[in-house]
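Positions are given from 1 along the sequence.
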Amino acid sequence: MSIYYVNNNAQSNGDHEVHANHCRFIPMDKKFLGFFANCRDAVKEAKKIYSQSNGCKICNNECHSS
């Protein structure tokens, strides 16, 4: 299990990126999502806050779609 956060600031395309705790690109302005077994569940949780959420290309590449 990993700790996940969602960036409170959207990317230029409108996505709010979901990061694992170990990501080197984890933002300062973030919201704690919780402990999840995989990034898919973390992104699903983030979409409850920001409907346009996406996995970070670096730390959650399998959940990155745009």
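For the pair N54 and V18, the minimum side-chain heavy-atom distance is 4.5 Å or more. Residues E17 and Q11 have side chains in contact (heavy-atom distance under 4.5 Å, counting atoms from C-beta outward). Using a 4.5 Å heavy-atom threshold, the side chains of E45 and F36 count as touching. Counting only heavy atoms from C-beta outward, the side chains of Y5 and K31 never approach each other to under 4.5 Å. For the pair H16 and K47, the minimum side-chain heavy-atom distance is 4.5 Å or more. The shortest distance between side-chain heavy atoms of H64 and C56 does not fall below 4.5 Å.
Scanning for side-chain hydrogen bond (donor to acceptor under 3.5 Å, both in side chains) contacts around Y50 gives N8, with sequence neighbours left out. Residues satisfying the disulfide (SG to SG under 2.5 Å) criterion with C39, sequence neighbours excluded, are C63.
Heavy-atom contacts from other residues, nucleotides or ligands closer than 6.0 Å to NZ of K30 number more than 12.
Summarising the geometry of C59 relative to A20, their closest heavy-atom pair is SG-N, 3.3 Å, with the distance given to 0.1 Å.
No path of Ile, Leu, Val, Met, Phe, Trp and Tyr side chains, each step under 4.5 Å between heavy atoms, connects M28 with I26, placing them in separate hydrophobic clusters. I49 is connected to Y4 through a chain of hydrophobic side-chain contacts under 4.5 Å among Ile, Leu, Val, Met, Phe, Trp and Tyr, so both are in one cluster.
Expressed to the nearest 0.5 Å, how far CE of M1 lies from CG of N21 amounts to 13.0 Å. Atom OG of S53 is separated from atom CG of L33 by 8.0 Å, given to the nearest 0.5 angstrom.
One N or O on the side chain of Q52 and one on the backbone of N13 form a donor-acceptor pair closer than 3.5 Å.
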